[in-house]
Number of protein chains: 2
Amino acid sequence: MKIATYNVNGIRARLPILLQWLKESQPDIVCLQELKAPQESFPIEEINAAGYNAIWHGQKSWNGVAILSKGYEITEVQRALPGDPEDIQSRYIEAIIDQVVICCLYLPNGNPYPGPKFDYKLSWIKRLKKRTDEFITMDLPAIIIGDFNIIPTEIDVYKPERWENDALYRIEVRKAYQALLEKGWLDSIRSLFPDEIIYTFWDYLYKAYDRNAGIRLDHILLSPYLASGLKSGGVDKHVRGWEKSSDHAPVWIELEKDK
Amino acid sequence: MKIATYNVNGIRARLPILLQWLKESQPDIVCLQELKAPQESFPIEEINAAGYNAIWHGQKSWNGVAILSKGYEITEVQRALPGDPEDIQSRYIEAIIDQVVICCLYLPNGNPYPGPKFDYKLSWIKRLKKRTDEFITMDLPAIIIGDFNIIPTEIDVYKPERWENDALYRIEVRKAYQALLEKGWLDSIRSLFPDEIIYTFWDYLYKAYDRNAGIRLDHILLSPYLASGLKSGGVDKHVRGWEKSSDHAPVWIELEKDK
DNA sequence: GGTGTATGGG
DNA sequence: CCCATACACC
């Protein structure tokens, strides 16, 4: 079972790229972020034509998340992160696919720091922790996957000193991420390549991709139940080099579920 | 000598289409309208790479005209229509190429009627007549070519009755066009096909091209000196059907100059 | 730099 | 419908 995440930065503008990548990569489950499209503008016909069924939660202009599946039924569980009924941003969708809980998220960016957006990010992570701790407690097969907008450690950024006061790298955010992991989640890509420099995002500006001035923001966390089934994984970095690509690259793992 | 006119509706957005059409059509001289680009944004490198030299008069957002030539020197004569120094719209550029005067124009649309925009159109036609009458008087080899925004007669519009109060078809405008012709100019396409339904523009809306709900707006007028050299001509209608095409189609003639 | 939105123009 | 502009956000 191949499971992937891809922040598309606009599903409509990115559709040709997405379809090309799906064709070449053939993931079974794909989590998408930053649809930037209202609910009714999701290109479900083209996604279906590519062999995938999908659930999604759109929103005008911003955010938006989706889960695609090839050949597996998708049972939607949540279309918002519990804990704040006032929060109307489309950043979370949760489903059960092939008996695994999939938590697809687009975590708030949080910039500028300090400020209300940063506070929102921290409170969002708290709500996420509350929700996902349960899966560990219950020893469920679960995956937290998506664009976390969190640079976990200094080896995940090309120039750490420049990022100290950026919400993606602020110490409070890294600590909150560590606290999440300490509950038992496995950062699958980092566990596969403990010492390698791995990035998933390169800014459009300043030829960041050409200079490999990247950061690692997109993560796939496995609950202990699933962790031993991790077979392989990687970042489809070349996709970031395609014409008209997103500023993120797809990240994927191969999971052996029936161990 | 093949001479063409093409309202590109945005030179930057249309560049791939323009280059493809140039390659297939191989005109010697091309007049472009609606560049919709400031002077410095004209893609001269790509035009040069396609084998053409060019002069142009750009403007931010609107209007803009250019003359392209393959293998002939372009001697610019005017980059505005004489007669109103206050008029800053880039709608006229005039050059001598291979001893022929080329008057490339993008005549004002004039809608809504009545109103100041319509008045501007009529006064613009007056200025054009004043300028071009001279070429007839002097019996020069001259061509007036471009997007006239004038439907000359009722056979040049799919549904004449709907257009009576449109500035493109208002009787005052048609009369002004006739007055121009009566001085001696030959409407080359109409002269080649006296009774045929020929359109050069189809609105983007309402599937106008699929329904062939078109109008004839783009004209190539020949001074008497040149008229007898007209060999053939046509509208490259299929180009209007290309993906991401302009709402106009290119119009062209073959001219035998050395009779 | 590359999404999205909105508005003006045709 | 499809240019262009200006702006917000990342």
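Basis for what follows: all heavy atoms, side chains included, without hydrogens, waters or symmetry-related copies. Sequence lines set the chain letters: A, B, ... in the order given, protein chains first and strands last, and positions in each chain run from 1.
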Report the residue from A:Ile145, A:Asn149, A:Asn63, A:Thr5 that forms a side chain to side chain contact (heavy atoms under 4.5 Å, CB included) with A:Gln33.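 Answer after filtering A:Ile145, A:Asn149, A:Asn63, A:Thr5: A:Thr5.
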
Restricting to non-hydrogen atoms, name the atom on A:Tyr177 and the atom on A:Pro152 that form the minimum distance, rounded to 0.1 Å. CE2-CB, 3.6 Å

Which one of A:Tyr106, A:Tyr92, A:Phe42 satisfies the ring pair (Phe, Tyr, Trp, His ring centres under 6.0 Å) criterion with A:Trp56?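 Output: one option passes, namely A:Phe42.
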
Tell me, please, whether B:Tyr169 has B:Arg174 positioned over its six-membered ring: NZ or CZ under 6.0 Å from the ring centre and within 45 degrees of its axis? yes

Is the NZ or CZ atom of B:Arg170 positioned over B:Tyr113's six-membered ring, under 6.0 angstrom from the centre and within 45° of the axis? yes

Return the value, rounded to whole Å, for the distance between atom [atom1] of [X] and atom [atom2] of [N].
X        : N     : atom1 : atom2 : answer
B:Glu34  : C:dG9 : CD    : P     : 14 Å
A:Tyr206 : C:dG2 : OH    : P     : 13 Å
B:Tyr120 : C:dG9 : OH    : C1'   : 15 Å
A:Asp247 : C:dG4 : CG    : C1'   : 13 Å
A:Ile17  : C:dG2 : CD1   : P     : 11 Å
A:Leu32  : C:dT3 : CG    : C1'   : 16 Å
B:Phe201 : D:dC1 : CZ    : C1'   : 10 Å

Taking CD in A:Gln78 as the centre, count heavy atoms belonging to other residues, nucleotides or ligands within less than 6.0 Å. Is the count above 12? yes

Any chance you could list the contact pattern along nucleotides 2-9 of chain D? Use B for base contacts, S for sugar-phosphate-only contacts and - for none, protein heavy atoms under 4.0 Å, 5' to 3'. SBSSS-BS

